[in-house]
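Every chain is numbered from 1 and lettered A, B, ... according to where its sequence line falls, protein lines coming before strand lines. Computed over heavy atoms, backbone and side chain alike; hydrogens, waters and symmetry mates excluded.
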There are 2 protein chains.
Amino acid sequence: MTPRRQQILDIAADLFAQRGFHGVSVADLGAACGISGPALYKHFPSKDAVLAEMLVSISEELLTVGRRRAEAAGSPTAAVEALIEWHIEFALAHRALIVVQDRDWSSLADDAREQVRALQREYVDVWAAELRRVHPDLTLDRARAMTHVAFGLINSTPHSGLLPDDQMHGLLHDMALGALVAPA
Amino acid sequence: MTPRRQQILDIAADLFAQRGFHGVSVADLGAACGISGPALYKHFPSKDAVLAEMLVSISEELLTVGRRRAEAAGSPTAAVEALIEWHIEFALAHRALIVVQDRDWSSLADDAREQVRALQREYVDVWAAELRRVHPDLTLDRARAMTHVAFGLINSTPHSGLLPDDQMHGLLHDMALGALVAPA
DNA sequence: GGCCAAGGTTAGCGCCCGCTAACCGCGGTC
DNA sequence: GACCGCGGTTAGCGGGCGCTAACCTTGGCC
């Protein structure tokens with residue numbers, strides 16, 4: 001990955017998060033990178049391709065690291081906690097990507113959207129499987145629904161910013177644990 | 001409110017939720033209402049005004065009903081539970097509005113955006129005040145952060161749809177309670 | 001029955017967008 | 001030292017957008 005490509009992806013994440021995919025023109029994005037407009041097409045085939053690469057790559061990272069950490073855990077409860085830790089870590093480190101992922105997901109081209117959906121479903125099922133080990137009487141659909149709710153909980157991070165990151169980390173950890181493990 | 005105005009607001013909520021504010025043209029919106037394009041301007045001064053009226057009115061409803069129900073509760077814990085109930089009820093009944101509210105909020109004109117922000121801050125503070133009565137050692141900022149997290153939890157509703165509404169209601173109730181009340 | 005307001009229609013303007021075309025300077029290679 | 005590809009430039013096209021203008025039909029009212 002050339003540094004310019006990475007710079008474009010990073011800056012695009014911030015701009016898309018602030019103003020939405022359709023609210024950022026290629027001229028805006030170029031200008032924010034210190035180049036201007038059409039120069040983007042030396043690095044990406046289209047504006048949509050920028051969004052697609054951004055969202056596919058983070059979906060892959062969430063899945064592969066999440067799966068690895070869940071496998072490394074010693075018990076189902078430890079696995080759930082590891083998944084919570086990982087997701088919080090990621091969400092705090094990549095606030096902009098979290099916002100773009102669930103706001104502009106629908107602006108993806110059909111094939112990229114399906115790719116992202118498939119990766120997300122796999123990631124959800126990693127969580128759901130561990131939850132069902134912790135709560136054996138849990139339906140698969142109910143476990144998936146709980147996972148979506150937990151994502152909503154953790155992904156709320158970018159909308160608040162009232163607390164410093166380390167305090168926010170602890171708060172999210174406690175609340176996610178309370179929501180997922182305590183009540184059953 | 002004339003029925004046509006209300007119809008436009010209802011249909012606009014669905015379309016904006018599916019494709020985003022900038023992804024829906026006035027021609028699209030008109031066509032979905034059975035009229036065509038510029039006829040919208042007989043009912044609203046601009047496309048932005050449709051979004052503004054939508055978001056301001058739901059922010060007002062969340063605040064006034066939430067405040068009323070919290071006051072009617074017999075204890076701080078009951079007040080938190082009443083707020084959770086109210087928010088879940090609203091989110092399940094108005095999934096589209098929930099999506100639009102936190103996706104297209106940034107597309108509002110400056111004055112409407114400030115109006116919505118102010119209403120939301122007041123609503124958050126209704127929650128935060130009750131949380132501090134339940135957990136007396138809670139900082140105001142921490143209570144506000146917990147409220148944002150709880151909103152993220154409950155507002156995840158539109159993204160799942162795996163469970164029928166009544167089961168989803170119960171699940172959200174239990175998880176929100178576990179996140180807000182159990183761990184302290 | 002004439003009038004007016006309400007709520008539609010179509011035509012079209014001006015603007016901005018994504019993207020292409022054509023051109024250019026420069027660093028590396030034989 | 002000629003050559004070439006990489007990464008940049010500006011000009012401009014085609015299309016879709018929000019919105020206005022001008023006009024038409026209908027229903028209620030004195």
Exercise. Could you check A/Arg117 against A/Trp105 for side-chain contact (heavy atoms from CB on, under 4.5 Å), going step by step and ending with a plain yes or no?
Key: CA-CA 9 Å; A/Arg117 277 173 59 107; A/Trp105 162 86; 3.7 Å; yes

Practice problem: Just do the salt bridge (charged side-chain N to carboxylate O under 4.0 Å, His left out) check on A/Glu122 and A/Arg67 with the steps written out, would you? | Solution: CA-CA 9 Å; A/Glu122 279 192 81; A/Arg67 181 173 277 156; 3.1 Å; yes

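Scanning residues 8-16 of chain B for heavy-atom distances under 4.0 Å to DNA chain C yields an empty list.
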Give the table of side-chain donor-acceptor pairs shorter than 3.5 Å for residues 12-23 of chain B, with sequence neighbours excluded, one pair per line with atom names and distance.
from, atom 1, to, atom 2, distance (Å)
B/Arg19, NH2, B/Asp28, OD2, 3.2
B/His22, NE2, B/Ser107, OG, 3.4

For residues 51-60 of chain B, dump all side-chain donor-acceptor pairs below 3.5 Å to protein atoms at least two apart in sequence or in another chain.
from, atom 1, to, atom 2, distance (Å)
B/Glu53, OE1, B/Arg5, NH2, 2.4
B/Glu53, OE2, B/Arg5, NH2, 2.8
B/Ser57, OG, B/Glu53, O, 3.2
B/Ser57, OG, B/Met54, O, 3.2
B/Ser59, OG, B/Leu55, O, 2.8
B/Ser59, OG, B/Gln101, NE2, 3.3

In a table with atom names and distances, give each donor-acceptor pair under 3.5 Å that connects a side chain of residues 147-156 of chain B to protein atoms at least two apart or in another chain.
from, atom 1, to, atom 2, distance (Å)
B/Thr147, OG1, B/Ala143, O, 2.9
B/His148, ND1, B/Arg144, O, 3.4
B/Asn155, OD1, B/His87, NE2, 3.0
B/Asn155, ND2, B/Phe151, O, 3.4
B/Ser156, OG, B/Leu153, O, 2.7

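Within the structure, every side-chain polar atom (N or O) of B/Arg4 is placed at least 4.0 Å from both OP1 and OP2 of C/dA6.
One interatomic measurement links the two molecules: CD1 of B/Ile35 to C1' of D/dT25, which rounds to 16 Å at whole-angstrom precision. Spacing between atom NE2 of B/His43 and atom C1' of C/dG8 amounts to 8 Å, rounded to whole angstrom units. Rounded to a whole Å, the CG atom of A/Leu40 is 13 Å from the P atom of D/dG7.
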Short heteroatom pairs, N/O only, protein and nucleotides 17-20 of chain C, under 3.5 Å:
from, atom 1, to, atom 2, distance (Å)
C/dG18, OP1, A/Val24, O, 3.4
C/dG18, OP1, A/Lys47, NZ, 2.6
C/dG18, OP2, A/Val26, N, 2.8
C/dC19, OP2, A/Tyr41, OH, 2.6
C/dC19, OP2, A/Lys47, N, 2.9
C/dC19, O5', A/Tyr41, OH, 3.2

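A tilted orientation is assigned to the rings of A/Phe90 and A/His94, their planes being inclined by 30° to 60°.
Note on B/Arg69 versus B/Glu89: salt bridge recorded, some NZ/NE/NH1/NH2 to OD/OE distance being below 4.0 Å.
Residues passing the salt bridge (Lys or Arg N to Asp or Glu O under 4.0 Å) test with A/Arg68, sequence neighbours excluded: none.
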